[in-house]
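Below is one structure, written out as structure tokens, with a few remarks after it.
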Amino acid sequence: MERCYIADAVKSPGQRVFLQGFVDNLRDSKYMAFLVLKDITGKVQVTIEKEKLPELCEAVSSLTEDSVISVTGTVVANDYVKLNGAEVIPEEIRVESIADALPIARRAIPATKKKKAVERSGIDQRIDYRWIDLRTEENQLMIQVQTAMVNAMRQYLLAENFVEIHTPKLIGAASESGADVFEVKYFDRNAYLAQSPQFYKQMAMAAGLERIFEVGPVFRAEKSYTNRHTTEFTGFDLEFSYIRSCQDVMDMEARLLAHMLKEVAQQYGERIREAFGTQVIVPTLPFPVIALHDLYEELEKAYGYQVEESEKGDLTTEAEQLSYRWVQEKYGHEFLFVTGFGAEKRAFYHMRDENGVPMGYDLIWRGVEITTGAQREHRYEVLKKQAEEKNLAEDVKFYLEFFRYGCPPHGGFGLGVDRMTMLLLNLTIKDAMFLFRGPNRLNP
Ligand code: 4AD
Ligand code: MG
């Protein structure tokens with residue numbers, strides 16, 4: 001018999017089915033045994049009357065929580081069964097894999113008369129056994145939601161004539177600034193892990209591909225121990241040609257995210273609310289925009305927030321967080337574009353206006369940066385000068401070549417997929433990734 005998903009099986013009482021999954025729960029008493037079987041689609045109770053089915057008793061008594069089994073049986077409607085109002089009466093149970101006692105507690109277990117309460121293991125312990133941790137409904141939903149997010153963005157861009165590219169992650173020179181880059185041995189010389197696909201996205205513009213995006217790994221050798229930094233994350237990057245200004249880039253991003261959140265809300269809004277207690281809000285267009293300088297003024301007026309004049313070329317972490325409160329109060333919005341960063345704080349490849357201010361932005365969602373974007377400098381001489389000012393001309397020599405043989409005006413941005421997942425589901429970054437990487441974390 002072909003394998004049937006549990007979610008489909010419970011919809012068809014009377015049906016004979018073949019189910020496979022993990023033992024989620026197990027109660028074995030003298031006359032009856034109750035298993036809860038779980039697969040990626042749901043859970044179902046398997047009820048065994050031991051006297052009627054003595055041949056199954058041995059298999060059942062060997063089972064442990066999280067063992068993997070195959071069950072052939074019949075779905076029976078039963079109002080007394082809380083889960084789905086249905087149970088499976090098995091005729092055969094095959095044990096595929098026995099699980100040892102689990103080394104982590106995925107959730108807190110309240111005390112009973114016989115047993116002490118069990119605390120939930122901390123996230124670092126759970127990451128040690130991430131594959132076991134990922135078996136929970138919440139974590140599987142998190143991965144499904146992330147899939148829907150990336151898929152919605154990909155579909156949106158394909159319909160807008162973007163093509164998807166795959167750029168090298170092993171590179172000969174540090175990509176953005178030289179700092180924060182991982183060096184790796186590359187035969188008899190050194191190579192680096194790409195800090196962003198930035199240079200290759202722009203090479204694609206020089207190649208006349210006009211509109212490109214890439215979803216891929218991004219490496220950052222930052223010793224940050226926050227709930228939103230990781231040393232390896234998934235970047236959703238895009239770049240497109242013949243823009244009129246940075247406004248076109250911001251508009252593209254706002255439309256892309258509104259589409260993505262609409263899709264996610266439709267497909268998973270309800271389940272996200274149940275599992276994570278948080279609402280998926282589809283943003284209205286356009287997103288609010290404010291210049292950094294004005295934002296500091298507003299934050300001071302509204303909340304008495306003050307920073308040193310010298311720090312005002314960049315967004316402080318506190319200002320980032322406060323800006324969420326401000327944008328909600330002022331616009332009833334969760335997103336805020338911040339423009340007008342200081343040239344000394346921004347990458348050399350951002351195009352600058354007549355006052356030398358980079359024509360770029362950060363997008364803040366729920367008080368956390370999810371994107372940096374900009375119109376790029378595509379004029380070779382200007383770009384070279386900006387690289388020289390930051391002492392990078394030697395490192396980026398190969399990149400400057402892209403602009404010598406004709407290059408359209410262009411711009412783009414990079415979105416952190418893990419950050420977005422984390423913000424959407426109200427998690428920390430460690431919880432919002434398949435497998436976290438940090439300064440102290442290279443395993444499993
Ligand atoms: O702001 P970043 O560093 O910008 C760039 O990489 C540019 N090349 C993008 C561009 O096209 N101008 O990184 C882009 C995004 C951030 O806004 C954030 O969402 C995410 O990547 N990000 C991180 N996510 C997790 N851990 C880290 N250490 C991150 N660093 C950046
Ligand atoms: Mg940034």
Side-chain angles (χ1 to χ4, degrees), residues 146 149-150 153 165 167 169 171 174-182 193-205 212-240 243 246 249-250 252-253 256-257 292 313-317 320 335-339 341-342 345-351 358-377 392 396 399 410-424 427-439 441:
Q146 198 171 67
M149 285 169 63
V150 173
M153 295 203 290
I165 63 170
T167 66
K169 304 304 160 203
I171 55 180
S175 35
E176 300 236 345
S177 64
D180 305 339
V181 67
F182 287 112
L193 294 179
Q195 285 171 303
S196 110
Q198 187 60 37
F199 293 165
Y200 299 109
K201 288 198 294 180
Q202 295 190 253
M203 182 179 130
M205 299 301 97
I212 64 95
F213 71 97
E214 173 166 21
V215 195
V218 176
F219 302 92
R220 301 279 167 103
E222 285 173 281
K223 278 218 167 129
S224 305
Y225 301 89
T226 72
N227 57 15
R228 61 206 152 80
H229 285 91
T230 154
T231 51
E232 177 177 356
F233 62 93
T234 301
F236 197 111
D237 267 89
L238 68 84
E239 204 73 24
F240 58 113
I243 60 170
C246 183
V249 182
M250 288 155 66
M252 176 68 80
E253 176 159 21
L256 175 70
L257 290 174
L292 189 56
D314 207 353
L315 198 53
T316 63
T317 307
E320 205 172 275
F335 288 89
L336 180 62
F337 279 120
V338 181
T339 59
F341 285 81
K345 300 289 181 193
R346 302 304 258 190
F348 72 95
Y349 52 78
H350 288 197
M351 186 181 268
M359 296 196 274
Y361 66 87
D362 272 8
L363 179 59
I364 314 300
W365 185 28
R366 298 182 170 175
V368 178
E369 177 202 325
I370 57 164
T371 296
T372 294
Q375 173 157 11
R376 321 302 188 186
E377 183 51 73
L392 290 169
V396 302
Y399 162 76
H410 63 277
F413 57 85
L415 268 166
V417 171
D418 318 270
R419 285 249 176 115
M420 284 197 293
T421 311
M422 153 190 131
L423 292 164
L424 181 71
L427 300 170
T428 71
I429 200 140
K430 288 181 180 178
D431 286 290
M433 300 179 73
F434 177 75
L435 189 53
F436 172 77
R437 283 285 178 260
R441 171 67 72 179

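When a residue number appears, it is its place in the shown sequence, counting from 1. Order of appearance sets the numbers: ligands from 1, and atoms from 1 within every ligand.
Heavy-atom contacts from other residues, nucleotides or ligands closer than 6.0 Å to CE of Met203 number 12 or fewer.
Shown in contact with Glu222 at under 4.0 Å from a heavy atom are these atoms of ligand 1, numbered in order with element: 28 (N). Close approach of ligand 1 to Ser196 (heavy-atom distance below 4.0 Å) involves ligand atoms 6 (O), 8 (N). Listed by atom number, the atoms of ligand 1 under 4.0 Å from Glu369 heavy atoms are 1 (O), 16 (C), 17 (O), 19 (O). Applying the 4.0 Å criterion to heavy atoms of Ile370 picks out, from ligand 1, the atoms 15 (C), 16 (C), 17 (O), 18 (C), 19 (O). Taking every non-hydrogen atom of Thr372 and a distance limit under 4.0 Å, the qualifying atoms of ligand 1 come out as 1 (O), 4 (O), 9 (C), 10 (C), 11 (O), 12 (N), 17 (O). The contact set between ligand 1 and Thr371, taken as ligand atoms under 4.0 Å from a residue heavy atom, comprises 17 (O). Residue contact check: Lys201 has heavy atoms under 4.0 Å from atoms 11 (O) of ligand 1.
For the Mg ion (ligand 2), the set of protein N/O/S atoms nearer than 2.8 Å consists of Glu369 OE2, Thr372 OG1, ordered by chain and number.
Of the options Met351, Glu239, Met359, a side chain to side chain contact (heavy atoms under 4.5 Å, CB included) to Arg376 is made by Glu239 and by none of the others.
Within the 4.0 Å heavy-atom cutoff, Asp418 does not count among the residues contacting ligand 1. Put simply, part of Arg228 is less than 4.0 Å from ligand 1, judged by heavy atoms.
The closest heavy-atom contact to atom 7 (C) of ligand 1, among the options Phe236, Tyr349, Phe219, Phe413, comes from Tyr349. Nearest to atom 12 (N) of ligand 1 by heavy-atom distance, out of Arg376, Arg346, Arg419, His350, is Arg376. Of the options Thr230, Ile364, Val249, the smallest heavy-atom separation from atom 28 (N) of ligand 1 is shown by Thr230.
Going from atom CE of Met205 over to atom OH of Tyr200 covers 15.0 Å, rounded to the nearest 0.5 Å.
A donor-acceptor pair is defined here as one N or O able to donate and one able to accept, closer than 3.5 Å; such a pair exists between the side chain of Glu214 and the backbone of Thr167. The backbone N or O of Glu369 lies less than 3.5 Å from a partner atom in the side chain of Glu320, making a donor-acceptor pair. In this structure, Ser224 contributes its side chain and Thr226 its backbone to no donor-acceptor pair below 3.5 Å. Between the side chain of Arg419 and the backbone N or O of Arg228, at least one donor-acceptor pair lies under 3.5 Å. No donor-acceptor pair under 3.5 Å is formed between the side chain of Thr371 and the backbone N or O of Gly373. The backbone N or O of Thr234 sits less than 3.5 Å from a side-chain atom of Asp418, completing a donor-acceptor pair.
Taking only nitrogen or oxygen atoms, main chain and side chain alike, Gln198 reaches within less than 3.5 Å of ligand 1. On a distance-only criterion, Arg220 and ligand 1 share at least one N/O pair closer than 3.5 Å. For the pair Gly416 and ligand 1, the shortest N or O to N or O distance falls below 3.5 Å.
Contacts between Trp365 and ligand 1 below 4.0 angstrom, taking non-hydrogen atoms only, are absent altogether. With a 4.0 Å cut-off on non-hydrogen atoms, Arg437 does not touch ligand 1 at all. When heavy-atom distances to ligand 1 are checked against a 4.0 Å cut-off, His229 comes that close through both its backbone and its side chain. Within the 4.0 Å heavy-atom criterion, the part of Phe233 lying near ligand 1 is the side chain and not the backbone.
Below 30°, between 30° and 60°, or above 60°: for Tyr349 and Phe199 the angle between ring planes is above 60°, a perpendicular geometry. Classification of the Tyr361-Phe337 ring pair by plane angle, with boundaries at 30° and 60°, yields perpendicular.
Taking the side chain to side chain donor-acceptor pair (under 3.5 Å) definition, one finds that Gln146 meets it with Thr421, sequence neighbours left out. For Asp237, the salt bridge (charged side-chain N to carboxylate O under 4.0 Å, His left out) criterion is met by Lys201, not counting sequence neighbours. Under the side chain to side chain donor-acceptor pair (under 3.5 Å) criterion, Asp362 pairs with Arg346, Thr372, not counting sequence neighbours.
A pairwise comparison of heavy atoms in Thr230 and Arg437 identifies OG1-O, 2.8 Å as the closest pair.
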